[in-house]
There are 2 protein chains.
Amino acid sequence: MGRGVEWAVHSCVNMAWTPPGEPVNSARLAEFYKLPAAYLNKQFQSLVRAGVLDSVSGPRGGFLLARRPENITVLDIVLALEGADPAFRCEAILGNVPEPALQENFARTCLISQTMRQAELAWRQALARQSIAGIADSMERRFPADKVKVLDYLAAE
Amino acid sequence: MGRGVEWAVHSCVNMAWTPPGEPVNSARLAEFYKLPAAYLNKQFQSLVRAGVLDSVSGPRGGFLLARRPENITVLDIVLALEGADPAFRCEAILGNVPEPALQENFARTCLISQTMRQAELAWRQALARQSIAGIADSMERRFPADKVKVLDYLAAE
DNA sequence: GACTAGTTACTCGGATAGATATTGTCCGAGTAAGACCGG
DNA sequence: CCGGTCTTACTCGGACAATATCTATCCGAGTAACTAGTC
């Protein structure tokens, strides 16, 4: 899994903390986390294309959540950055076997493919259960001062 | 996920079908599935290092399951080929933030890392539930003739 | 003081290199089978 | 005919390229804010 996922989730949590409608400067975020600014920017572009973020150009521009944080899941972010295709692609190598009879049987009910799909489904469901709002709320409840500090840092200067 | 996983699982199922103690020729398997022989061989080497397969050198050599197929799960194969490290590596970028107070708080209970770990755990559990024996049995029960054909092809010539 | 036009600086966006992991290939070390020879 | 030795061919094993993907960087297009000038 790409490392940009971690950055993106943290960034989205911060965006959930900022006042709605107010964009967050991506360079400032990168500085905050000591990340390569241009690359973080590139990751955000993928999120914009996926409809997770909106972008604002020009001075005092930046990125902001495209919808309410309750409706953005960790899965949305992962799929936006890693691609929506399943990690396990069944190439149906059993369709290549010399016996035509086997081709039909195997292709229809490839148990391996089924197993992989079930596992990946469980993985996606676990990620889909966690929303950005949920993470942001939990963090805020545990460490109330932190949200203020983050916002101060992003707003300062 | 590497494509070798699919090959390896299919191959292990076939090995579960062959008489115990009898190695399967890897080149013959590759020919059966129309796969690059040398690369399949390379994948098997990883499985040998992981203790999933045993290898037999020399004429009439090949690979065979290192333990009973009931005790080999799909997860074993995936971890052997993809590495046992979790796909999501928490780089603890929150440990880089300028505020020392935040470092401590976040590092201890990084909810994002927790979410990712839970998801991956669910994924692994799903894969660990399926054993090679289970897949082989299901296939055989559904299409009894197939096992015979596969064994014939591998044994022929 | 308020409005408008022009300038400026800032931010996203995609196009462009570099690093890393994956995929694929090749040849040598070791081995077991089979051939050959002698008893 | 049987046993032992030697040769031989076969298979794994790891070292070596090619390719794709991920990571990182740079500069241009577009935009909103700011400035200056005018009414």
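Basis for what follows: all heavy atoms, side chains included, without hydrogens, waters or symmetry-related copies. So you know, we letter chains A, B, ... as the sequences are listed, proteins then strands, and number each from 1.
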Checklist entry - DNA chain C: A/Ser55 or B/Tyr39, which has the more 5' nearest nucleotide? => result A/Ser55
Checklist entry - On DNA chain C, nearest-nucleotide positions of A/Arg49 versus A/Gly61: which is more 5'? => result A/Gly61
When the distance from [atom1] of [X] to [atom2] of [N] is rounded to whole Å, what number comes out?
X       : N      : atom1 : atom2 : value
A/Leu81 : D/dT21 : CG    : C1'   : 15 Å
B/Leu47 : D/dG13 : CG    : C1'   : 14 Å
B/Asn41 : D/dA15 : CG    : C1'   : 14 Å
B/Asp85 : C/dT22 : CG    : P     : 11 Å
B/Asp54 : D/dT11 : CG    : P     : 18 Å
A/Gln43 : D/dA24 : CD    : P     : 9 Å
A/Leu35 : D/dC22 : CG    : C1'   : 16 Å
B/Leu40 : D/dG13 : CG    : C1'   : 14 Å

Item to check | Name of the residue among A/Ile112, A/Thr115, A/Leu111 meeting side-chain contact (heavy atoms from CB on, under 4.5 Å) with B/Val9 | outcome: A/Ile112
Checklist entry - For DNA chain D, whose closest nucleotide is more 5', that of A/Glu82 or that of B/Val24? => result B/Val24
Checklist entry - Taking for each residue the nucleotide of DNA chain D bearing the nearest heavy atom, is the 5' side occupied by B/Lys42 or by B/Asn25? => result B/Asn25
Item to check | Qualifying residue, where the test is ring pair (Phe, Tyr, Trp, His ring centres under 6.0 Å) with B/Trp7 and the options are B/Tyr33, B/Phe32, B/Tyr39, B/Phe44 | outcome: B/Tyr39
Item to check | Non-hydrogen side-chain atoms of B/Thr18 and B/Asn14 separated by less than 4.5 Å | outcome: no
Item to check | Trace of the side chain to side chain contact (heavy atoms under 4.5 Å, CB included) decision for A/Gln125 with A/Leu75 | outcome: CA-CA 8 Å; A/Gln125 286 173 337; A/Leu75 180 64; over 6 Å; no
Next on the checklist: Please pick, from C/dG14, D/dC12, C/dG24, the nucleotide with the shortest atom-to-atom distance to any side-chain atom of B/Trp7.
Outcome noted: C/dG24
Checklist outcome for this item: Which of D/dG13, D/dA24, C/dT25 is nearest the side chain of A/Arg3? It is D/dA24
Checklist entry - Taking protein heavy atoms under 4.0 Å as touching, what does nucleotides 26-32 of chain D look like 5' to 3' if B marks base contact, S marks sugar-phosphate-only contact and - marks none? => result B---BBB
Item to check | Donor-acceptor pair between B/Thr73 and B/Asp76 side chains, under 3.5 angstrom | outcome: yes
Checklist entry - Which part of the nucleic acid does B/Phe44 contact within heavy-atom distance under 4.0 Å: base, sugar-phosphate only, or nothing? => result nothing
Checklist entry - Which part of the nucleic acid does A/Gly4 contact within heavy-atom distance under 4.0 Å: base, sugar-phosphate only, or nothing? => result nothing
Checklist entry - Is NZ or CZ of A/Arg117 both nearer than 6.0 Å to the six-membered ring centre of A/Phe88 and within 45° of the ring axis? => result no
Item to check | Residue pairs involving residues 37-57 of chain B (criterion salt bridge (Lys or Arg N to Asp or Glu O under 4.0 Å); sequence neighbours excluded) | outcome: none
Checklist entry - Does a nitrogen or oxygen in the side chain of B/Gln45 sit under 4.0 Å from OP1 or OP2 of D/dC12? => result no
